[in-house]
Amino acid sequence: MLKTSLEAHEEQVKDLSHDLKTAKQRLENADKPKLTEKQFEAIQTAIEMSVENFTFDDPDSYETEFGIEYDGRVYLSSIIFDGHSTLSEQIYQDIESLFGVADESDDDEESPSE
């Protein structure tokens, strides 16, 4: 009888843990701004266009290191993309152009107009 009772309580603890996890996720999402499907599509299109229009073949966007083999052959030993800040700035500007930016204000801090 105790074993059955213990198993029932363990199941309740599992259910409560699941409920707690779900509630935490909902609470975390509660303060996030909500976007429509159309807005998400516009953001996706802006990101795609930014990436497509970025000049990835600019040699100044990369840090390279070369090596040489014993037989005299030169090889590229390392390549690092350094243009990420330029690309991210372009994406930011393209997304920002889609929306109006509003100042965040707390209604409690605003004084009523007289």
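All figures in this text were calculated on a predicted structure; none of them were measured in a lab.
In this structure, the side chains of L20 and K24 come closer than 4.5 Å at one or more pairs of heavy atoms.
Among residue pairs with one or both ends in residues 4-20, those qualifying as side chain to side chain donor-acceptor pair (under 3.5 Å) are H9-Q12; sequence neighbours excluded.
Rounded to the nearest 0.5 angstrom, D82 CG and L87 CG are separated by 12.5 Å. Expressed to the nearest 0.5 Å, how far CD of Q93 lies from OG of S88 amounts to 10.0 Å. Atoms OG1 and CD1, on T86 and I91 in that order, are 11.0 Å from each other to the nearest 0.5 Å.
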Per-pair distances, 0.1 Å, donor-acceptor, side chain in residues 52-65, under 3.5 Å, sequence neighbours excluded:
from, atom 1, to, atom 2, distance (Å)
N53, ND2, M49, O, 3.1
D58, OD1, D60, N, 3.2
Y62, OH, F56, O, 2.7

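The shortest heavy-atom contact between L98 and A42 is CD1-O, 3.4 Å.
I79 and V74 end up in the same hydrophobic cluster when Ile, Leu, Val, Met, Phe, Trp and Tyr side chains are linked at under 4.5 Å. The hydrophobic cluster containing F66 also contains F81, counting ILVMFWY residues as joined when their side-chain heavy atoms lie under 4.5 angstrom apart, directly or transitively.
Scanning for side-chain contact (heavy atoms from CB on, under 4.5 Å) contacts around L35 gives Q39, F40, I43, with sequence neighbours left out.
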